[in-house]
Amino acid sequence: MSDLLRIGASPTDADVDAWHSVVTAAHAADLPPTVPAPCRVETAGGLRVPRVRSRHINLAVPMSHGRPGEFAGVAALRLFDEAENRTTAWIERLAVRPEVRRRGIGSRLWEALRAVLVEEGRTSVGLEVELGGAGEQFALAHGFRCALPLTVYVLDLAHEGGAPGPSLPNGYRFVEWTGVVPSRHAPAFSLAHQAIADVPRGDLEMRPRVWDAERVRVLQQANVDRGAVLLTVVAVSPDGAHAGYSVLGLPSSDAVRAVLYETAVVPAHRGLGLGRAVSLRMLEVLRDQRLPVREIAGTVADGNRPMRAVGKPFGYRPERSLGFYQARWDYARDQYT
Ligand SMILES: CC(C)(COP(=O)(O)OP(=O)(O)OC[C@H]1O[C@@H](n2cnc3c(N)ncnc32)[C@H](O)[C@@H]1OP(=O)(O)O)[C@@H](O)C(=O)NCCC(=O)NCCS
């Protein structure tokens with residue numbers, strides 16, 4: 001559409017404010033009040049700092065009646081650059097101000113994204129939706145189908161504390177860092193990072209990535225550049241290999257809700273209690289940091305029994321249901337599959 005704005009990689013502060021205003025208005029309308037709204041640091045970081053090995057297309061629809069510079073809706077598309085995911089992509093944001101919904105603005109944004117996807121030769125795209133809300137209805141109406149159901153679990157740190165301290169098998173030890181992985185740990189950490197490939201993907205087209213020291217460093221650096229505080233705990237085996245790890249992120253240093261980014265244990269070290277050990281150690285590390293965090297949220301695929309078992313004794317409560325939805329199309333037949 002002619003009035004669609006392309007927001008480049010260096011948006012003005014006014015563009016960030018206008019984008020953030022849509023995102024927070026949508027958040028207030030669509031999510032339970034217990035879920036903290038995204039902060040401006042997160043919005044600005046998301047627009048200004050590209051994700052690892054990706055290009056971003058950010059679009060906005062201006063408000064037709066409103067203050068100059070205001071947006072009615074926004075959409076952010078992530079185009080993976082790596083060979084294994086060249087045919088798919090991810091919609092990181094698609095939001096319309098509550099007062100102008102059901103007027104086709106979301107559909108216009110989707111059509112514009114789809115034109116980019118076609119031009120790029122992508123045959124599928126995914127996005128995250130809150131189940132039971134407008135997002136799910138919209139996604140279904142546009143040919144998306146649920147590829148992976150998930151649940152968000154939240155641990156209230158005020159009620160946590162009864163859990164025993166972490167214990168490791170003989171010879172194992174913890175290594176921790178704040179921020180980007182130190183270069184001396186990066187090679188071993190990148191090997192352990194391959195274990196994240198075992199996270200259930202349901203019907204998603206997205207393939208696991210191959211990690212190396214540079215890629216994990218770039219991954220963590222991008223999160224830090226986006227304004228996040230990152231905490232990493234690793235269980236190191238007697239031979240010095242990184243056997244399991246957990247990464248926690250705070251969207252900004254004053255965030256009250258931390259997000260569990262990843263927990264994974266290398267297959268050869270599974271069944272030894274390392275998943276729980278790194279998770280318990282993370283709680284201690286978090287306490288030592290004296291950050292204002294009051295709760296931890298983790299999103300787990302409903303079919304991921306091992307991860308649900310790891311979190312069970314901690315007192316995580318289910319907060320809400322999500323789905324990774326996906327649309328696929330067949331160019332030859334020019335139709336959704
Ligand atoms: C999802 C969202 C972007 C839709 O924006 P919108 O501008 O209202 O969407 P459209 O007007 O283009 O709606 C297109 C179709 O989607 C479906 N739809 C959208 N919202 C719906 C709702 N609340 N209930 C039922 N169907 C809905 C309808 O089929 C609608 O067509 P219709 O109005 O002719 O019946 C908006 O509700 C939003 O910002 N939600 C929160 C963020 C979110 O969930 N994003 C992920 C989207 S997949």
Side-chain angles (χ1 to χ4, degrees), residues 1-7 15-40 42-43 46-47 51 56-66 70-79 88-117 122 124-152 202-206 251 259 297 299 319-329 336:
M1 286 305 248
S2 56
D3 67 341
L4 267 182
L5 302 173
R6 178 96 174 239
I7 310 294
D15 283 346
V16 173
D17 286 339
W19 187 287
H20 189 59
S21 169
V22 175
V23 168
T24 48
H27 178 97
D30 302 304
L31 281 108
T34 49
V35 184
C39 59
R40 193 182 179 284
E42 209 177 337
T43 301
L47 289 171
R51 289 197 185 276
H56 294 266
I57 308 287
N58 297 326
L59 303 174
V61 175
M63 228 18 195
S64 51
H65 304 289
E70 247 186 340
F71 298 157
V74 296
L77 178 66
R78 176 180 181 186
L79 294 163
T88 189
W90 196 262
I91 297 173
E92 301 221 312
R93 184 74 72 185
L94 179 55
V96 172
R97 297 191 81 88
E99 67 271 25
V100 290
R101 288 189 183 169
R102 303 302 288 271
R103 298 183 194 176
I105 295 169
S107 300
R108 278 170 56 197
L109 286 162
W110 162 237
E111 287 309 324
L113 295 185
R114 200 167 120 72
V116 173
L117 292 163
R122 313 274 160 152
S124 67
V125 65
L127 49 69
E128 178 184 306
V129 299
E130 301 283 325
L131 296 195
E136 186 182 14
Q137 294 306 319
F138 176 88
L140 290 170
H142 288 86
F144 285 77
R145 295 293 171 258
C146 187
L148 185 68
L150 308 111
T151 302
V152 179
D203 295 330
L204 288 176
E205 296 275 299
M206 212 187 341
V259 179
T299 303
E319 182 188 60
R320 55 193 217 276
S321 297
L322 302 178
F324 286 165
Y325 275 57
Q326 180 173 256
R328 289 200 273 215
W329 49 90
Y336 287 97

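Just follow the structure's listing: the first ligand is 1, and inside any ligand the first atom is 1. Atom set for the values below is all heavy atoms of this structure, side chains included, hydrogens, waters and symmetry mates excluded.
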Student: Output yes when a side-chain donor or acceptor of His27 lies under 3.5 Å from a complementary backbone atom of Val23, and no otherwise.
Tutor: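 Judged by distance alone, no pair lies under 3.5 Å.
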Student: Does anything in residues 126-136 pair up under salt bridge (charged side-chain N to carboxylate O under 4.0 Å, His left out), and if so which pairs, sequence neighbours excluded?
Tutor: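 Every salt bridge (charged side-chain N to carboxylate O under 4.0 Å, His left out) pair that includes a residue of residues 126-136, provided the two are not neighbours, is Glu130-Arg320.
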Student: In chain order, what residues pass the side-chain contact (heavy atoms from CB on, under 4.5 Å) check against Asp30, with sequence neighbours excluded?
Tutor: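 Per chain and number, Asp30 pairs via side-chain contact (heavy atoms from CB on, under 4.5 Å) with Ala26, Arg101.
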Student: What does the 4.0 Å heavy-atom contact list look like for ligand 1?
Tutor: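 Ligand 1 is contacted, at a heavy-atom distance under 4.0 Å, by Asp30, Leu94, Ala95, Val96, Arg101, Arg102, Arg103, Gly104, Ile105, Gly106, Ser107, Leu127, Val129, Ala134, Gly135, Gln137, Phe138, Ala141, His142.
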Student: Is there a donor-acceptor pair under 3.5 Å between the side chain of Gln326 and the backbone N or O of Ser124?
Tutor: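 No.
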Student: Holding to salt bridge (Lys or Arg N to Asp or Glu O under 4.0 Å), I want the full list of residues that pass it with Glu92, two or more places apart in sequence or in another chain.
Tutor: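 By the salt bridge (Lys or Arg N to Asp or Glu O under 4.0 Å) rule, Glu92 matches Arg51, Arg78.
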Student: A cation-pi test, strictly: NZ or CZ of Arg114 under 6.0 Å from the centre of the six-membered ring of Trp329 and no more than 45 degrees from its axis. Yes or no?
Tutor: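 Geometry flag: set, cation within 6.0 Å and 45°.
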